Amino acid sequence: MHNTYITQYNRRKCVPFTGMDDDYSYASPYMADQELALSHILSAVRDCARKSVAIECVVLYAKGYNYDEISRMLGIPKGTVMSRISNGRKMLKESLEL
C-alpha cells in the first residue's frame, strides 16, 4: 500500500495535467502566460507524435495507467512500453528545450 501511494504521488507530481476553462471571468498576464506555455507544450506533443509512436505510451502513462495496463491496451510487451515511455520522455524534453 505504501508503494502504491508513493507511485500515485510521484505521477501527480511529475505530470500535472489540469483542465483549463475557455470562459474566463477576467484576463490577466499570468493566465496569458499559462495559455502560451500550454500551447507550446501541446504543439511539442503533436510534433513528437508525428515522429514516433512512443508519445502514445507517454500520454497513457501520464493519464495514470501503469505499464501492464498500457501493454494490454496496445497489445505490446511490457518491456516495449517501458522503452517507449523512456524514449518519448527524452524526445519531449529535447523538443521543449528548444
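Given the structure is predicted, the values throughout are model-derived calculations rather than measurements.
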Quiz item: Shortest non-hydrogen contact from Ser71 to Pro77?
Solution: OG-C, 3.7 Å

Quiz item: Do you know which two heavy atoms are closest between Met91 and Ile55, and how far apart they sit?
Solution: SD-CD1, 4.4 Å

Exercise. Rounded to the nearest 0.5 Å, what's the gap from OG1 on Thr80 to OH on Tyr67? Could you check?
Key: 13.0 Å

Quiz prompt | Any Leu60 side-chain heavy atom under 4.5 Å of Val81 side chain | solution = no

Self-check item: For the student: nearest non-hydrogen atoms of Gly88 and Val58, plus distance
Solution: CA-CG2, 3.7 Å

Quiz prompt | Atom of Gly64, atom of Glu69 and distance for their closest heavy-atom approach | solution = O-OE1, 4.3 Å

Quiz item: When rounded to the nearest 0.5 angstrom, what is the spacing between CD1 in Ile76 and CD1 in Ile70?
Solution: 8.5 Å

Quiz item: Okay, side chain of Glu97, backbone of Glu94: is any donor-acceptor separation there less than 3.5 Å?
Solution: no

Quiz item: When rounded to the nearest 0.5 angstrom, what distance separates CE in Met73 from CG in Asp68?
Solution: 11.0 Å

Self-check item: Stepwise side chain to side chain contact (heavy atoms under 4.5 Å, CB included) check, Tyr61 with Arg89
Solution: CA-CA 11 Å; Tyr61 187 74; Arg89 284 179 177 167; 2.9 Å; yes

